[in-house]
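Lettering of chains follows the sequences in order, A, B, ..., and the numbering in each one begins at 1. Reckoned from all heavy atoms, side chains included, excluding hydrogens, waters and symmetry mates.
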Amino acid sequence: MSFRIGVVTFPGSLDDRDAARAVEIAGATAVPLFHASDDLKEVEAVVLPGGFSYGDYLRCGAIARFAPIMNSIVTAAEHGFPVLGICNGFQVLCESHLLPGALTRNQGLHFLCRDQKLKIENTETMWTNGFTQGQEIVIPLKNGEGSFQCDDETLEMLESEGRVIARYVDFDPNGSRNLIAGISNERGNVVGLMPHPEHAIESLTGPSEDGLIFFKSILHQMVGR
Amino acid sequence: MSLDTVTNAQNNPDASQPWAELGLKEDEYARIKNILGRRPTSSELAMYSVMWSEHCSYKSSKVHLKQFGEKAPKSDALLVGIGENAGVVDIGQNYAVTFKIESHNHPSFVEPYQGAATGVGGIVRDILTMGARPIAVMDPLRFGLADAEDTRRVLPGIIAGVGGYGNCLGLPNIGGEVVFDETYAGNPLVNALCVGVMKHEDIKLAKAHGAGNLVVLFGAKTGGDGIGGVSVLASETFNAAKPTKRPSVQVGDPFAEKVLIECCLEIFHADLVVGIQDLGGAGLSCATSELASAGSGGMEIELEKVPLRDPSLSPEEILMSESQERMCAIVEPKHIKQFMAICKKWDVTATVIGEVTEGERLHISFNGELIVDVPPRTVAHDGPVYNRPIAKPAYVEERAKAVINIPMPTSAEDVKAAILKLIASPNIADKSWVTSQYDKYVQGNSVLAQPEDSGMIRIDEKTNLGVAISTDANARWSYLDPYEGAKLALAESMRNIATTGAKPLAVTNCLNFGSPEDPGVMWQFAETVRGLADACLELGLPVTGGNVSFYNQTGSVAILPTPVIGVLGVIQDVRKRTPMGINKSGSDLWLIGDVDSNMSGSEWAYLHGEIGNLSPKSDLAKEARLVDLLLEGQEIFEAAHDVSNGGLAATLVETVLKNKIGASVTLSDVAVALFSETPGRVLVAIDPNHTNEMVALAGKYQIAVNKIGTTGGDKLMINDTKLSITELSKAHTETFPKLFG
Amino acid sequence: MALIVVEVMLKPEILDPQGQAVASALPRLGFNFAKSVRQGKRFEIEVEGTPTAEQLAQVEDAAHKLLSNPVIETYVVKVEG
Amino acid sequence: MALIVVEVMLKPEILDPQGQAVASALPRLGFNFAKSVRQGKRFEIEVEGTPTAEQLAQVEDAAHKLLSNPVIETYVVKVEG
Ligand SMILES: Nc1ncnc2c1ncn2[C@@H]1O[C@H](COP(=O)(O)OP(=O)(O)O)[C@@H](O)[C@H]1O
Ligand SMILES: [Mg+2]
């Protein structure tokens, strides 16, 4: 049986189908998970996709955090279960305190959709082990609230522990501290990423196929164990 | 509190009613009385007044629009034609596609963000109503001068609104237009297009069939949105103190619409509706009367069951409310439980508010009292029809005789300065400031998006079947000659489709004009429709639907006649699409089509304060051959880009800047070659090995082709004019950030 | 130094999706106190010294022109501390 | 019926691009009163009757858990009218 990765749909999730497509192209089986149930359906990893859960009217991810499925995910993640949060998913992970910091309004105050260059800074996490250290990739970025903010102490901790997994290169799209595009938790099983790897899996529809490596990394990690 | 019931209307036949305040003419009011055999109740009056408005009844445009039916070309592709919420086209492999443009001009001037946002929301519901999953949006926009104070208020709000709503729905924005002209000051045009896809068997119609079937209202609760006018009635029938202020501004809730979409799609998938209609303009009045009118029998509605956001609403206001994010479905009783369960899953409020009846009347009651008793057809479909006076405005002949004198550069230096000036002008400049606020990636099927000639969406991931869409208008040509202008807009849109490698299939349109009460404007309108209908017939493309927006004028000054034409095409294998940008060095650049020296309506003329005299004449037979040439030659085109606004100069610069690969070209009569906007031209890049095929295509389709240069290098060389990619890029991209921050 | 506060709220008749989102989230978390929730903006403006009448008039003007959208919003100006 | 208000502001050390945008727009419109501007949120919560101590404690709890994000924001709960 092939490796099962869950993709959660919250009300207002948008990139759930795209994330599922990425999972499948990477060679795993995508399993739809619905916010209202706490059943993880025996998946071995979970992707929290992009979108505007509950319209993001309060704060991005603030309401989704309380969904029943998140209770299960938080508990599992604390025991090493792999979770990738993309964009809104990253915001949900921060609101759930699985990751430190918060994502706030872009410095330019506009929603911004562009092909963004990133540098991969940590290849040890479950979701980035397929990259080479310092590898530069281009994947779409699209958000209105992607500015990573935290206090100095947290920033120092993230940097010293090597938990910044990717940084913006050449262009600062949103005013994130230290140009942070993505971070991981201490164990490296939980990763949050603002840009969208699931939109860079086929050159036909994306700027590159670099995004696929995130999904292949987890397969490699789990299947090759 | 007094309710104006049907009985009351019978007993007090002479009560005076505010029909004039509601925008009805005296004879229209008399006609309503005649239809009903008594005076209308205040609720009936509200319904008739809004359904017989220009916006809902097309009373000034109907007599002209019927040409689209009369002159319709034979088409096997058309599954649902004009008259439904949106037309449906067969694209093969059992897929059907539906698309339509609608305007939200005036609301966007009043409140740019919300006006534009709800414009997107409205057209998406129209597409959803057909049973389709919405898959992309586009936004043709027009503004007053770019540096005008009010444009700085209106434009950022409209862009944020289009993006805010569309992004939150998860619909990729794959194209649109941003055009500036003085006449749009005070009358910005916000046209929104949506395209959706479904399987043939999933097509839904707005019809209420089957006595005993239930009428279900679902989605957002009803508030007082957009009913400023009807409050006249409410304050007359209600004497109790109540809030008299009703917002004329509708506020959108894209999250509510997103869950409504998912909810509807699940309901469609389970095949739970007999008919369905979105609530747009005229709200419940429109939805109930249209459903009943198109159906087999009558309908009974219990209005007090409508869930309210504002409990103080009167029945008249409930009928009129334009609250967004609502739908109305006809459901067989045996399916209602499952229907409700799906609504509950998505947290969508759903309420049975009535049922389809045997009779032929639409009955609406409020707390048991009958307040509406009408033949639904008379409300929805048999509104007044006007044959408005038409007169060719004097300016047309005056312009035709005008002598124009536009400076044309000759020296290498002047050519360089001219190009830099042209590509920095707001109409030609890079629009990324706008389009980067739109998500073009969501759904993962966007094969082409702005700034490509058309947007292209993959429909099937296995077979790679796809559709392409483009919208175009050249209002300056339409101003000089609306008949030709419409034909040229259609030709351009069709050419954009073929340039990317798709075969044009069907047409939609949004006709934006000044006041129909001005015979000159009415002439522009009539000529436009005649031109579009003739062109569609000649090109074999059916009009599947559209929208008319009148009264876009300030005082006596109307906007330029602006027929926005959308063409949809189909491509069998999206992997073969042709992009616009030069993608390798060492290729040959060929210009397909001839140039002439008519500068009328061109951007270069406009930059010198001139609109010109005679619009170019369309040659549709040649345009059709060009389409065939483009489709047959697709395999050899590495890149292709249409020549339109800004002429070859703009085309060359855009082709070079896309991937930052330069080119050298040699042109004779360089200024005309660069700045004339002669229609029917496309620039293509091919491998030199394919020269013979290129020449053969030209012969076969009898279209002139000229090799004008080669690709490569880090600059654009035109004869002895050198422009580095850096300076081109700077000139092209600086304009919008400078103007709008 | 003083703090001038401008509070901007949507007019009561205008749909407030933000407030609605909060209102429907609260009971899901077990909070049942709210009859309704509206969400608005709060601007904290720091000025030198005690605000003068003229300054307050200016703030009013700015609240009307920039901080609020009079088509759909209302505002209140307050001096705090 | 009473109004409980929750005011949520970004912590002073957190970047506030919205407040900054207002601060730089004001002088362009000829307003020179502001030393600095911060933008936050205001929630107006309607409750039945006069708010009880227990209700207020609940609102505090909701403000902490839902209405604000303690990582970047602070909040104040007030009773108004
Ligand atoms: N310019 C036009 N060309 C073709 N069809 C049009 C045009 N304007 C309106 N129609 C058609 O008339 C019908 C009514 O239009 P409209 O009231 O805008 O529909 P809806 O209320 O569903 O938005 C639709 O089928 C629409 O496609
Ligand atoms: Mg409709």
Side-chain angles (χ1 to χ4, degrees), chain C residues 1-10 12 16 18-49 51-68 73-78 80-81, chain D residues 1-10 12 16 18-49 51-68 73-80:
Chain C
M1 210 144 70
L3 199 64
I4 305 183
V5 171
V6 180
E7 297 166 357
V8 177
M9 300 297 295
L10 284 169
D16 174 13
Q18 299 188 307
Q20 275 188 1
V22 173
S24 51
L26 285 171
R28 283 202 300 272
L29 302 186
F31 296 116
N32 294 308
F33 51 79
K35 262 203 64 195
S36 81
V37 182
R38 306 279 292 172
Q39 178 175 337
K41 295 177 194 153
R42 173 182 166 88
F43 297 93
E44 295 188 351
I45 304 172
E46 247 184 17
V47 299
E48 294 286 7
T52 58
E54 192 209 352
Q55 243 175 4
L56 283 174
Q58 280 211 353
V59 175
E60 283 274 342
D61 198 15
H64 182 76
K65 280 193 192 141
L66 179 70
L67 303 179
S68 76
E73 292 170 330
T74 57
Y75 64 87
V76 182
V77 176
K78 295 178 176 170
E80 288 189 8
Chain D
M1 211 145 67
L3 199 65
I4 305 183
V5 172
V6 180
E7 296 166 357
V8 177
M9 299 298 295
L10 284 169
D16 174 14
Q18 294 183 300
Q20 278 181 1
V22 172
S24 55
L26 285 172
R28 281 202 299 274
L29 299 181
F31 298 116
N32 295 306
F33 51 78
K35 266 200 62 194
S36 80
V37 183
R38 307 279 295 169
Q39 178 174 338
K41 294 175 193 153
R42 174 182 166 88
F43 298 92
E44 294 188 353
I45 304 171
E46 248 184 17
V47 299
E48 294 286 7
T52 58
E54 191 211 352
Q55 242 175 3
L56 282 173
Q58 280 213 355
V59 175
E60 281 278 341
D61 196 17
H64 181 77
K65 275 196 196 143
L66 179 70
L67 302 180
S68 76
E73 294 168 327
T74 57
Y75 65 87
V76 181
V77 176
K78 295 178 177 170
V79 180
E80 288 188 7

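Comparing Glu54(C), Met9(C), Gln18(C), Lys65(C) by heavy-atom pairs within less than 4.5 Å of chain D, the highest count is held by Met9(C). Interface remark: of the candidates Lys35(D), Glu7(D), Arg42(D), Lys41(D), Arg42(D) forms the most heavy-atom pairs closer than 4.5 Å to chain C. Highest contact tally toward chain C, considering only Met1(D), Glu44(D), Glu48(D), Gln55(D), is held by Glu44(D) [criterion: heavy-atom pairs under 4.5 Å].
Both the backbone and the side chain of Ile45(C) come within less than 4.5 Å of a heavy atom in chain D. Neither the backbone nor the side chain of Val8(C) has a heavy atom closer than 4.5 Å to any heavy atom of chain D. Interface remark: Leu67(D) contributes side-chain atoms only to the contact with chain C (heavy atom separation under 4.5 Å). Only the backbone of Asn32(D) comes within contact range of chain C, judged by heavy atoms closer than 4.5 Å. For Val59(D), the parts lying under 4.5 angstrom from a heavy atom of chain C are both the backbone and the side chain.
Between atom CZ of residue Arg38(D) and atom CG of residue Leu3(C) there is a gap of 11.5 Å, rounded to the nearest 0.5 Å.
Considering every non-hydrogen atom in both Gln58(C) and Phe31(D), the closest pair reads O-CE2, 3.5 Å. Taking every heavy atom of both residues into account, Val47(C) and Phe33(D) meet most closely at CG1-O, 3.3 Å.
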